[in-house]
Amino acid sequence: MGEAITKPVAVVTGGAGFIGSHLVDVLVERGFAVRVVDDLSGGHRSNLAHHPSDAVTVIEKDIRTLEPGDAAFAGARYVFHLAGIGDIVPSIEKPTQYMDVNVQGTVRVLECARAAGVDKLVYAASSSCYGLAATPTREDHPIQPMYPYALSKYQGEQAVMHWHKVYGLPVNAICIFNAYGPRVRTTGVYGAVFGVFLRQKLAGKPFTVVGDGTQTRDFIYVRDVAEAFVAAALTPISGERFNVGAGAPQSINRLVEILGGEVVYVPKRPGEPDITHADIAKITTQLGWKPTVPFEQGVANMLADIERWRDAPLWEPASIAKATQTWFRYMGEA
Ligand code: UDP
């Protein structure tokens with residue numbers, strides 16, 4: 001790898017993806033040599049194209065093929081494990097694949113980190129583990145995954161904590177609420193409100209507001225999420241989960257107001273929370289991290305970059321109804 005010998009090495013699995021690529025940006029700025037392990041199934045090389053090759057090395061690899069001693073992890077000080085597969089509907093349709101990548105893949109990354117003797121592994125956990133939660137939601141809230149994606153991310157986190165307990169591997173988990181910002185993923189799969197709305201805005205079509213739009217989400221700007229990962233790596237604290245949200249939920253109606261445009265309403269989805277709200281007292285007090293980008297500013301940054309969504313799928317009520325059929329079928333009684 002063409003990295004300068006004096007720089008500390010950080011491995012970022014999933015580093016070509018949305019949150020991963022912003023984390024790479026922060027690590028490069030902080031003087032790390034970064035190795036990205038990514039199979040490019042969800043991420044894109046273009047997310048990293050602004051970095052010179054001596055700062056960031058991209059290793060195209062599926063985490064399920066990793067073995068202890070893999071060259072990507074040689075001499076690494078930190079591992080940030082963000083590789084995985086997301087989205088609710090495909091997880092209901094293909095649970096085996098989700099458990100395979102998000103759980104077994106995590107075990108392989110843990111074994112590589114253990115063999116390399118890293119100072120810290122930081123895992124990207126999901127707030128979906130809390131299910132329909134009491135708010136504001138603390139880290140010790142009961143766990144209740146509502147669909148296979150949530151289960152797989154939680155079991156991956158349990159593996160991370162198990163490696164801490166059994167093998168003494170230093171670890172932390174960053175439990176991400178709704179991350180948004182430039183480069184947010186737009187796969188062909190329906191979901192993630194920002195990709196849906198920005199494409200609709202570009203096309204001059206109405207925003208497909210779910211329910212009455214009064215539901216709120218604890219949207220957190222991606223750069224702030226990236227900073228939380230770095231804080232969780234550099235702290236001497238280990239074996240902990242830290243919630244990362246803005247601690248200030250925003251309604252979908254407020255998002256529509258900022259974006260500006262017509263709306264059309266689509267049915268509320270079964271099992272989806274009316275409110276998500278992270279209690280962020282733990283990370284602010286223990287790691288000194290806090291959100292820095294106000295919602296209006298974060299949305300403005302995305303609007304400045306809106307051309308990126310020109311090729312994203314354009315959703316409308318009929319195609320949403322079709323794409324969410326499985327969701328309504330399996331979660332209707334939730
Ligand atoms: N949402 C919406 N219209 C859409 C997609 C999503 O109003 O076309 C809303 C959805 O009801 C939720 C919020 O946006 O309140 C975030 O949805 P997303 O799927 O991005 O995340 P999650 O529901 O997993 O928090």
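Both counts, for ligands and for their atoms, begin at 1 and track the order of listing.
Looking at Ile320 next to ligand 1, no N or O pair under 3.5 Å apart turns up.
Side chains of Thr276 and Asp218: no donor on one and acceptor on the other come within 3.5 Å. Side chain to side chain, Gln297 and Asn301 meet the donor-acceptor criterion of an N or O pair below 3.5 Å. When only modelled atom types and interatomic distance are considered, Asp212 and Thr214 share a side-chain donor-acceptor pair under 3.5 Å.
For ligand 1 and Tyr190, the ligand atoms under 4.0 Å from any heavy atom of the residue are 4 (C), 5 (C), 8 (O). Set against the non-hydrogen atoms of Val196, the atoms of ligand 1 under 4.0 Å away are 8 (O). Atoms of ligand 1 lying under 4.0 Å from any heavy atom of Asn178, numbered from 1 in the order shown and given with element: 21 (O), 22 (P), 25 (O). Within ligand 1, counting atoms from 1 as listed, the ones closer than 4.0 Å to a heavy atom of Glu272 are 10 (C), 11 (O), 12 (C), 15 (O), 23 (O). Listed by number with element, the atoms of ligand 1 under 4.0 Å from a non-hydrogen atom of Val209 are 7 (O).
Distance from atom 13 (C) of ligand 1 to its nearest protein heavy atom, with residue and atom name: Ile252 CD1, 3.5 Å. The nearest heavy-atom contact from the protein to atom 3 (N) of ligand 1 is Thr208 O, 2.5 Å. Ranking protein heavy atoms by distance to atom 25 (O) of ligand 1, first place goes to Arg217 NE, 2.7 Å. Nearest protein neighbour of atom 2 (C) of ligand 1, counting heavy atoms only, is Val210 CG2, 3.4 Å. Of the protein's heavy atoms, Val193 N, 2.7 Å lies nearest to atom 20 (O) of ligand 1. Here the heavy atom of the protein found nearest to atom 11 (O) of ligand 1 is Gln215 NE2, 2.8 Å.
In this structure, Trp315 does not count as a contact residue of ligand 1, since none of its heavy atoms falls inside 4.0 Å of the ligand. Distances shorter than 4.0 angstrom occur between a heavy atom of Arg269 and an atom of ligand 1.
Ring geometry, Tyr147 versus Tyr149: the interplanar angle falls under 30°, so the pair is classed parallel (tilted spans 30 to 60°).
Residues Phe197 and Val209 form a side-chain contact, since some pair of their non-hydrogen atoms from C-beta on lies under 4.5 Å apart.
Between Glu111 and Arg108 there is no salt bridge, since no side-chain N of the basic residue sits under 4.0 Å from a carboxylate O of the acidic one. A salt bridge does not link Glu157 to Lys153: none of the charged side-chain nitrogens sits closer than 4.0 Å to a carboxylate oxygen.
Heavy-atom neighbours of His44 NE2 from other residues, nucleotides or ligands within 6.0 Å: at or below the threshold of 12.
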- Message: Working note: Val11 + Val37, criterion side chain to side chain contact (heavy atoms under 4.5 Å, CB included); need CA distance, chi angles, decisive distance, verdict.
- Response: CA-CA 7 Å; Val11 174; Val37 176; 3.9 Å; yes

